[in-house]
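Step one of this worksheet: look at the structure below.
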Amino acid sequence: MPTELILGGARSGKSRLAERRALDHGGPVTVIATAEAGDAEMAARIARHRADRPEHWHTIEAPTALADTLQDAARANGCVIVDCLTLWLSNLLMQDAAELRAPHVANALPDWQREHAALLASLPELPGLTILVANEVGLGLVPDSPLGRLFRDEAGRLNQSVAAVCDRVTFVAAGLPLTLKAPPA
């Protein structure tokens with residue numbers, strides 16, 4: 001069924017667009033939230049996102065096991081929003097923290113590699129509408145730490161690989177959506 005990747009910078013309007021698309025869909029909506037409240041500021045952000053969503057939407061918190069959670073949540077008449085892939089990546093990189101001390105090679109990130117592959121395999125098979133939200137982090141400064149550069153590089157690879165399997169890709173800047181990829185008419 002249809003999949004859409006919505007990309008943009010911080011506070012660009014990505015989540016709001018995803019929510020609008022879900023409302024337009026008209027079916028039941030499940031939000032898979034990948035954020036973890038590690039501090040008071042993040043807890044406040046999570047609470048603000050929850051308050052902005054309709055109360056009848058179902059929310060599942062899944063900081064790491066995204067493919068399995070998507071497979072369980074997707075329904076033929078429903079819509080699933082994943083908000084967001086970038087935090088999911090961060091969670092998995094931190095889970096792989098011991099391996100991050102090793103040279104930065106692909107096999108040094110086993111949890112990330114496994115989960116990334118599982119997500120890509122599951123997306124084309126999901127019933128209903130799936131909307132994935134992700135940050136475009138490659139437009140800014142080059143991070144000054146090896147971990148920051150690894151995160152930026154993996155986020156770029158993630159966005160490219162997910163965009164390749166999605167039917168629609170939209171970039172949002174200043175609340176304005178720009179279609180990068182659309183299904184054939």
Side-chain angles (χ1 to χ4, degrees), residues 1-10 12 14-15 18 30-39 42 45-46 49 59-74 79-172 180-181:
M1 288 304 285
T3 54
E4 180 175 7
L5 173 62
I6 299 177
L7 299 165
S12 63
K14 305 177 300 288
S15 295
T30 299
V31 177
I32 299 176
T34 61
E36 293 184 291
D39 56 42
M42 192 60 164
R45 284 177 179 265
I46 292 169
H49 271 280
T59 299
I60 301 170
E61 295 182 9
T64 56
L66 184 54
D68 289 342
T69 304
L70 270 167
Q71 289 169 352
D72 291 343
C79 174
V80 177
I81 299 172
V82 175
D83 199 354
C84 86
L85 291 179
T86 314
L87 287 172
W88 172 68
L89 164 64
S90 178
N91 295 338
L92 286 163
L93 289 181
M94 297 317 296
Q95 190 170 294
D96 278 333
E99 287 83 3
L100 290 176
R101 291 183 185 86
H104 300 298
V105 294
N107 64 357
L109 303 168
D111 295 330
W112 167 238
Q113 297 297 327
R114 182 184 63 253
E115 290 295 329
H116 184 192
L119 175 66
L120 294 177
S122 70
L123 286 175
E125 306 300 322
L126 296 172
L129 173 63
T130 303
I131 303 169
L132 305 124
V133 177
N135 291 295
E136 178 52 70
V137 300
L139 298 173
L141 300 173
V142 174
D144 64 354
S145 71
L147 179 56
R149 289 186 295 277
L150 176 67
F151 172 77
R152 186 237 10 230
D153 293 349
E154 291 303 319
R157 288 182 190 103
L158 170 62
N159 290 345
Q160 288 183 57
S161 63
V162 171
V165 299
C166 282
D167 301 298
R168 176 180 298 278
V169 179
T170 304
F171 183 79
V172 182
L180 302 178
K181 178 181 176 183

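When reading the values below, keep in mind they use all heavy atoms of this one structure, side chains included, and skip hydrogens, waters and symmetry mates. It should be emphasised that the depicted structure is a prediction, and the values quoted were computed from it without experimental measurement.
Of all the heavy atoms in P2 and D167, the pair that sits closest is CA-OD2, 3.0 Å. Contact detail for A65 and T69: the closest heavy-atom pair is O-OG1, 2.7 Å. The minimum heavy-atom distance linking I46 with A37 is given by the pair CD1-N, 3.7 Å. For the pair M42 and E36, the tightest heavy-atom approach, listed with the atom from each and the gap, is CG-O, 3.4 Å.
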Q: Step by step, work out the side-chain contact (heavy atoms from CB on, under 4.5 Å) result for D111 and T64.
A: CA-CA 9 Å; D111 295 330; T64 56; over 6 Å; no

Q: Report the C-alpha separation of I6 and V172 in whole Å, then their side-chain angles, then the decisive distance to 0.1 Å, and conclude whether the side-chain contact (heavy atoms from CB on, under 4.5 Å) test is met.
A: CA-CA 7 Å; I6 299 177; V172 182; 3.7 Å; yes

Q) Could you go step by step and tell me if T59 and T30 meet the side-chain contact (heavy atoms from CB on, under 4.5 Å) rule? A) CA-CA 6 Å; T59 299; T30 299; over 6 Å; no

**Q.** Test log, rule side-chain contact (heavy atoms from CB on, under 4.5 Å), inputs L70 and L119
**A.** CA-CA 9 Å; L70 270 167; L119 175 66; 3.6 Å; yes

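In this structure, L132 and V162 have side chains that are in contact, with non-hydrogen atoms separated by less than 4.5 Å.
Note that CD1 of I81 is 10.0 Å distant from CD1 of I32, once rounded to the nearest 0.5 Å. Note: C166 SG to N159 CG = 10.0 Å, rounded to the nearest 0.5 Å. Distance check, rounded to the nearest 0.5 Å: NE2 of H49 to CG of D83 gives 5.5 Å. Here the CH2-CG distance, from W88 to L158, works out to 6.0 Å after rounding to the nearest 0.5 Å. Here CD1 of I60 is found 12.5 Å from OG1 of T34. Values are rounded to the nearest 0.5 Å. Note that the CG atom of L5 and the CG atom of L85 stand 6.5 Å from one another [nearest 0.5 Å].
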Under 3.5 Å, which donor-acceptor pairs link side chains of residues 135-155 to any protein atom two or more places apart or in another chain?
from: N135; atom 1: OD1; to: K14; atom 2: NZ; distance (Å): 2.9
from: E136; atom 1: OE2; to: G138; atom 2: N; distance (Å): 3.1
from: S145; atom 1: OG; to: G148; atom 2: N; distance (Å): 3.0
from: R149; atom 1: NH1; to: P143; atom 2: O; distance (Å): 3.0
from: R149; atom 1: NH1; to: D144; atom 2: O; distance (Å): 3.4
from: E154; atom 1: OE1; to: W112; atom 2: NE1; distance (Å): 2.9
from: E154; atom 1: OE2; to: R157; atom 2: NH1; distance (Å): 2.8

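Residue pairs meeting the side chain to side chain donor-acceptor pair (under 3.5 Å) criterion with at least one partner in residues 115-132, sequence neighbours excluded, are H116-S161.
With sequence neighbours excluded, the residues forming a salt bridge (Lys or Arg N to Asp or Glu O under 4.0 Å) with E61 are R50, listed by chain and number.
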